[in-house]
Amino acid sequence: QVQVVESGGGLVQAGGSLRLSCAASGSIFNINTMGWYRQAPGKQRDLVATITTGSTTNYADSVKGRFTISRDNAKNTAYLQMNVLKPEDTAVYYCNVRIRPIFGGGRLDDYWGQGTQVTVSS
């Protein structure tokens, strides 16, 4: 079993900052890609940012220059530093991890966290 736990959400004024954390634990051989997605009310879940094992990053156009994704491979943890937050960033933020499980024969499995609410007031 693999657990993915997000933390760090909250309420912030426009222009402010928040830092989200995502910790994966359990039967993990190694972690391939870690990523953040968000879902606003009535909308689909969209990519925010991803980071590979080698720290190659990818960002949605809407957050480029404002958000930074990073990871600590020793801790199986990813972070999302969010600066210059806007009301349109309000959403539930979900962490996704793509892992190779122990005794998994090299297959890749996706796991999601429960989500953390980010609310940006104008």
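Remark: N58 engages no residue in a side-chain hydrogen bond (donor to acceptor under 3.5 Å, both in side chains) (not counting sequence neighbours). Residues satisfying the ring pair (Phe, Tyr, Trp, His ring centres under 6.0 Å) test with Y37, not counting sequence neighbours, are W112. For S25, the side-chain hydrogen bond (donor to acceptor under 3.5 Å, both in side chains) partners are Q3, not counting sequence neighbours.
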Tell me, with the steps shown, if N30 and I99 meet side chain to side chain contact (heavy atoms under 4.5 Å, CB included).
CA-CA 6 Å; N30 64 30; I99 69 120; over 6 Å; no
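Cluster partners of L108 are absent, since no Ile, Leu, Val, Met, Phe, Trp or Tyr has side-chain heavy atoms less than 4.5 Å from it. Grouping Ile, Leu, Val, Met, Phe, Trp and Tyr residues whose side-chain heavy atoms lie under 4.5 Å apart, directly or via other members, places F103 in a hydrophobic cluster with F29, I102.
Considering all non-hydrogen atoms of both residues, L18 and G8 come closest at CD2-O, 3.9 Å. The heavy-atom pair separating V2 from S27 by the smallest distance is CG2-O, 4.1 Å. The shortest heavy-atom contact between S122 and A14 is CA-CB, 4.4 Å.
To the nearest 0.5 angstrom, F67 atom CZ is 14.0 Å from T57 atom OG1. Going from atom OG of S21 over to atom CD of Q81 covers 9.5 Å, rounded to the nearest 0.5 Å. If you take CD on Q114 and SG on C95, they are separated by 9.5 Å, rounding to the nearest 0.5 Å.
In this structure, R19 satisfies the cation-pi test against Y79, with its NZ or CZ atom closer than 6.0 Å to the six-membered ring centre and inside 45 degrees of the ring normal.
The backbone N or O of N32 lies less than 3.5 Å from a partner atom in the side chain of T53, making a donor-acceptor pair. Side chain of T119 to backbone of L11: no donor-acceptor contact under 3.5 angstrom is found. Not a single donor-acceptor pair under 3.5 Å links the side chain of Y94 to the backbone N or O of E6. With hydrogens and angles disregarded, a donor-acceptor distance shorter than 3.5 Å links the side chain of R71 to the backbone of T52.
Only one option out of T116, D89, L80 pairs with R38 in a side chain to side chain contact (heavy atoms under 4.5 Å, CB included); it is D89. Across V12, V120, L20, T68, a single residue satisfies side chain to side chain contact (heavy atoms under 4.5 Å, CB included) together with M82, and that is L20.
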Review item, side-chain donor-acceptor pairs of residues 41-50, under 3.5 Å, at least two apart:
{"from": "Q44", "atom 1": "NE2", "to": "D46", "atom 2": "OD1", "distance (Å)": "3.0"}

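With 3.5 Å as the limit, one finds a donor-acceptor pair spanning the side chains of N83 and S17. Inspection of the N96 and R98 side chains reveals no N or O donor paired with an N or O acceptor under 3.5 Å. E88 and T90 are not linked by any side-chain donor-acceptor pair at a separation below 3.5 angstrom, with hydrogens and angles left out of the test.
At least one side-chain heavy atom of I28 sits under 4.5 Å from a side-chain heavy atom of N76.
Under a hydrophobic clustering in which Ile, Leu, Val, Met, Phe, Trp and Tyr are joined whenever their side-chain heavy atoms come within less than 4.5 Å, directly or via other members, V97 and V92 fall into different clusters.
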